[in-house]
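All remarks here apply to the structure that follows.
The figures here come from the full heavy-atom set of this structure, side chains too, leaving out hydrogens, waters and symmetry mates. Small disclaimer: the values here were computed from a predicted structure and weren't measured. Below, chains carry the letters A, B, ... as their sequence lines are ordered, and counting in each starts from 1.
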2 protein chains.
Amino acid sequence: MNPTPDTDTPDAAAPARGKRPKQGEPVIDRALSLLAVFSDRRRALTLSELARHADMPAPTALRLISRLVAWGALERLDDGRYVVGVRLWEVASLSPRGHGVREIALPYLEDLFEVTRHHVLLAVRDNEQAVLIERLSSKDATEVAYRVGGRAPLRSTAVGLVLLAGADQQFQETIMAKPPEKEPGVAEMPEGQLRRTLSDVRRTGIAMIRRSHPSMTVSVASPVFDAQGSVVAALSIVVPDGSTPPNVLAPAVRAAARAVSRNLGHQATVSADVRTHSRG
Amino acid sequence: MNPTPDTDTPDAAAPARGKRPKQGEPVIDRALSLLAVFSDRRRALTLSELARHADMPAPTALRLISRLVAWGALERLDDGRYVVGVRLWEVASLSPRGHGVREIALPYLEDLFEVTRHHVLLAVRDNEQAVLIERLSSKDATEVAYRVGGRAPLRSTAVGLVLLAGADQQFQETIMAKPPEKEPGVAEMPEGQLRRTLSDVRRTGIAMIRRSHPSMTVSVASPVFDAQGSVVAALSIVVPDGSTPPNVLAPAVRAAARAVSRNLGHQATVSADVRTHSRG
DNA sequence: AGGCGGCTTTCAATGGTTGGAATAGTATTG
DNA sequence: CAATACTATTCCAACCATTGAAAGCCGCCT
């Protein structure tokens, strides 16, 4: 029912035909932005949802998605919605900092978990946050804040503090220059105290955080080193506040972290003089 | 090199300039084929290696890779090589059939593992193979054939048989029409026996495979169902041949698989076919 | 019985993409 | 130390994959 179906002459000033408002973004970026739409809360999405969130026309989204589905990066459910596919998961499992450390650490995490029956976590740093690589939990454990694959702030979690303490100086300054992420149930640390804490973490190999939010818990974390002596991950245990005293947990966590480090090729050199002088 | 270096006028018959040998492949496919180059054996690759294996010119590969790195799908190591990135792993962790079932199944896998101290596996089907989603192993367990993220044949592994038995009829016929994948250390099954085996698996909820290759082991697997009653995964245990009798393991594996199924929303209806469960 | 929303196909215009060539950097060899 | 070989990176003109409005479908709600 077009009100003016007659005149097929758009006349002058009507280049409405070939219009391409905002071409210019590389195809890959668009495809990746489609993947980025998926989140903890959005695990199954329709075409239009994907198109909307990735900010592109439906036909374009469909074409890209079809390719992703053909390859296996996405899968289509019976109801027409799309989910992240096993093929992508498969490739991602080759990520050294993802499944790589996980695979090596898992047996030790299991031992720790079996002995304590509390949450055991493994996390790595990605940019300005910690990413949870693994979490072992019994069915009846306390409520926990983070899920595997999720992100946590550096300044207000035990694993975060460990990873931050192990990062290079410049990065630490960058982080401290920024306002801290608000984290519910965790006391915010003034900069001075944070610096002292980080220094302590480096010295003792232990970070500790008490939080009250999802539930009253204490987290104890310890760094995992690679062969070059860099902190590549943080191992932690989360227990209900008041159950096992933290100072009892610390040695177990440290021991587990050291075991993992050793398996990563870290030479647990005795204290000092670990300076390598190579490349500027 | 050029026999006529003088005249800078290419003159006629010099179409060497604009040559387009084999353009025509969508950009995404190329990017994905770069990701596909990574494998268990190739976890860190140089630009030229990637370009070679993905069969594309280095500049093209570089451009695509740069985008992938910018997004976090790949990461660049200090030595210039590329590895799969944490960001990709993060998105992949949203895969329902990957980390999804894993997350739900993990506590039960842990229980089973803790009691038996043998390998516990979780696998899903992707196309014509099983993909290993999770594997719990103690540090001192027997040698094992597959790694998490790896693939296994459907016809010659316990999890494979379970997944095959749970697939739709048409798919099963497709598989059986093809020559079986050669698998070292596993006796090949003639079609008739395979059909009988699959039928047994459906009836009893248990598949069993004895293999001699990496070491002498027996695998016992059982299906995991979703709310619709489809087989979405297979749970299995792998023990050294001659240790625990398989008929002792079967109930434990079945129970664990059922527990996972229930958590996935499966209503364990009492099937008419299963009137006597203890096969006598 | 019509409107609405989402999904899919079509197609001409075009700009992102391409890859040879050249340059720069780096490791290996004589 | 030069020669060699390889890899990584930049450049750019030709061009084809990509684009998105438009229109056709389909199912659903009213």
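- Residues B/Tyr82 and B/Thr46 have side chains not in contact (no heavy-atom distance under 4.5 Å, counting atoms from C-beta outward).
- The separation between B/Ile28 atom CD1 and D/dT18 atom P is 7 Å, rounded to whole Å.
- OP1 or OP2 of D/dG20 lies within a sub-4.0 Å distance of a side-chain N or O belonging to A/Thr60.
- If you take CZ of B/Arg81 and P of D/dT7, they are 14 Å apart, rounded to a whole angstrom.
- Axis deviation across the helix from C/dA1-D/dT30 to C/dG30-D/dC1 amounts to 40°, comparing end segments of five pairs, rounded to 10 degrees.
- Note: CD1 (B/Ile65) to C1' (C/dT17) measures 16 Å, nearest angstrom.
- What separates CG of A/Asp29 from C1' of D/dT19 is a distance of 16 Å, to the nearest Å.
- Residue A/Ile28 holds its CD1 atom at 8.0 Å from CD1 of B/Ile28, rounded to the nearest 0.5 Å.
- Between B/Lys178 and B/Glu128 there is a salt bridge, since at least one side-chain N of the basic residue sits less than 4.0 Å from a carboxylate O of the acidic one.
- Between A/Arg97 and B/Glu75 a salt bridge is recorded (basic side-chain N to carboxylate O distance below 4.0 Å).
- With respect to the salt-bridge test (charged N to carboxylate O, under 4.0 angstrom), the residues A/Asp126 and B/Arg87 do not qualify.
- Rounded to an integer number of Å, the gap from CG of B/Leu50 to C1' of D/dT9 is 16 Å.
- Remark: B/Arg125 qualifies as a cation-pi partner of B/Phe171 under the 6.0 Å distance and 45° angle criteria applied to the six-membered ring.
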Reading nucleotides 5-11 of chain C 5' to 3', which nucleotides get B (base under 4.0 Å from a protein heavy atom), which S (sugar-phosphate only), which -?
-SSSB--
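- Under 4.0 Å is where a charged nitrogen must lie from a carboxylate oxygen, and between B/Arg102 and A/Glu134 at least one such pair does.
- The aromatic rings of B/His266 and B/Phe225 lie parallel to each other, with less than 30° between the two planes, well short of the 60° mark.
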